[in-house]
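In what follows, every heavy atom counts, from backbone to side chain, and hydrogens, waters and symmetry copies are set aside. In what follows, chains carry the letters A, B, and so on, assigned in the order in which the sequence lines appear, proteins first and then strands, with residues in each chain numbered from 1. Here the structure is a predicted model, which means the values were calculated and not measured.
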There are 2 protein chains.
Amino acid sequence: MDVDAIKRTLEGSGLRCTPQRYAVMAFLMEHPKHPTAAEIFQAVNRLDPRSSRATIYNNLSDLVRAGLVREVAVEGRAARFDAKGMRHHHFICDRCGNVEDMEWYDVPKPASGSLGKRVLRECELIFRGLCTKCAPRHASR
Amino acid sequence: MDVDAIKRTLEGSGLRCTPQRYAVMAFLMEHPKHPTAAEIFQAVNRLDPRSSRATIYNNLSDLVRAGLVREVAVEGRAARFDAKGMRHHHFICDRCGNVEDMEWYDVPKPASGSLGKRVLRECELIFRGLCTKCAPRHASR
DNA sequence: TGAACTAATTAGATTATATCTAATGTGAAA
DNA sequence: TTTCACATTAGATATAATCTAATTAGTTCA
């Protein structure tokens, strides 16, 4: 993924391509491992320019609002972030909280009767269990 | 739901029926509105006996561990709790964060090939959008 | 160009949420 | 009873995220 492509992606969503915002977006695209805000903060600050914590959070929320990034809430843990590429679902590990991508399935839509006056934006499928690292240790919990 | 039924439910899961634990479980069963820990804390303390914050969290995590209660993480907000009754999915409001129940649909299971060594425990479907209260105000955001 | 405006960034304070600690209380079983 | 594991407590602490007020950078357009 080259610099201009990221720049165009940001600007296509009405976001200025600042060095800090670029760094956040590029990191998310290059590391599809669903990092936390703290991990992104550390990672982008290993390079220049330095970003403050507030900037990381500001930019993440701009990117989420623009629909370029997804925020994944995990019970009892910091939120994870995920550049939206191909459609996919998530697997969340009960033990370590890590989030992994799962292939996409079409999801059953609720009957419009059961939606009432609600406005549906999206459906998301979450698989839960033990990830590859944690499964072998299952017994030792 | 009478006292003995809750008592039996707790003890059937290996949990002592203490007044505080009973109060948390009874509140969740009587108020299927997915309250936060803070809301549960306030509500059960309107009655006797008083519970400390730590007790609320301890009991919630005992109940979750026992499989009697579900914790629902919501991005940017406090977790919600939900006594597991009939199987159902959730609708989470983008605007106010409230969680509502949706009817149950069978969910597509991943092919075992795509699971690898992961151990699947459950699949959960989350619908997102605007709830009945927030939908009319959509434009005014 | 450069004045004026708007968006973005910053360090650090603050808030919100949840967990931990160490002391105390409680109930069941021997 | 005595004992022991479980449960509860107040308050301290930890963690995650947001806010504040000042500053900097980028854009617009006269």
Spacing between [X] atom [atom1] and [N] atom [atom2], to the nearest angstrom:
X       : N      : atom1 : atom2 : answer
B/Arg50 : D/dA7  : CZ    : C1'   : 18 Å
B/Leu10 : D/dC6  : CG    : P     : 16 Å
A/Phe41 : C/dT9  : CZ    : C1'   : 13 Å
B/Asn59 : D/dC6  : CG    : P     : 14 Å
A/Asn58 : C/dA11 : CG    : P     : 13 Å
A/Leu63 : C/dA8  : CG    : C1'   : 13 Å
A/Leu15 : C/dT6  : CG    : C1'   : 15 Å
B/Ile56 : C/dC20 : CD1   : P     : 17 Å

Distances under 3.5 Å between protein N/O atoms and the N/O atoms of nucleotides 14-18 of chain C, please, pair by pair.
residue, atom, partner, partner atom, Å
C/dA18, OP1, B/Ala79, N, 3.1
C/dA18, OP2, B/Tyr57, OH, 3.0
C/dA18, N6, B/Arg53, NH1, 3.1

So does A/Glu39 pair up with A/Lys33, basic N to acidic O under 4.0 Å?
no

Does the pair A/Asp4/A/Lys7 count as a salt bridge with the N-to-O cut at 4.0 Å?
no

Parallel, tilted or perpendicular: which one describes the rings of B/Phe127 and B/His89, with boundaries at 30° and 60°?
perpendicular

Does A/Arg50 have more than 12 heavy atoms from other residues, nucleotides or ligands lying within 6.0 Å of its CZ?
no

Using a cut-off of strictly less than 4.0 Å, decide whether A/Gln20 has a side-chain nitrogen or oxygen near OP1 or OP2 of C/dT10.
yes

Would you check if there is a donor-acceptor pair between the side chains of A/Asn98 and A/Arg80 at a distance under 3.5 Å?
yes

Any side-chain donor-acceptor pair under 3.5 Å between A/Thr55 and A/Gln20?
no

Under 4.0 Å, counting only non-hydrogen atoms across every strand here, what does B/Thr18 touch: a base, just sugar-phosphate, or nothing?
sugar-phosphate

Can you check each nucleotide of nucleotides 21-30 of chain C against protein heavy atoms at under 4.0 Å and return B for base, S for sugar-phosphate only, - for none, in 5' to 3' order?
----------

Does A/His88 have any ring pair (Phe, Tyr, Trp, His ring centres under 6.0 Å) partners at least two apart in sequence or in another chain, and if so, which?
A/His90

Hey, does A/Val3 have a side-chain heavy atom less than 4.5 Å from the side chain of A/Tyr22?
yes

Determine whether B/Val69 and B/Met25 make a side-chain contact, defined as any pair of heavy atoms from C-beta on separated by less than 4.5 Å.
yes

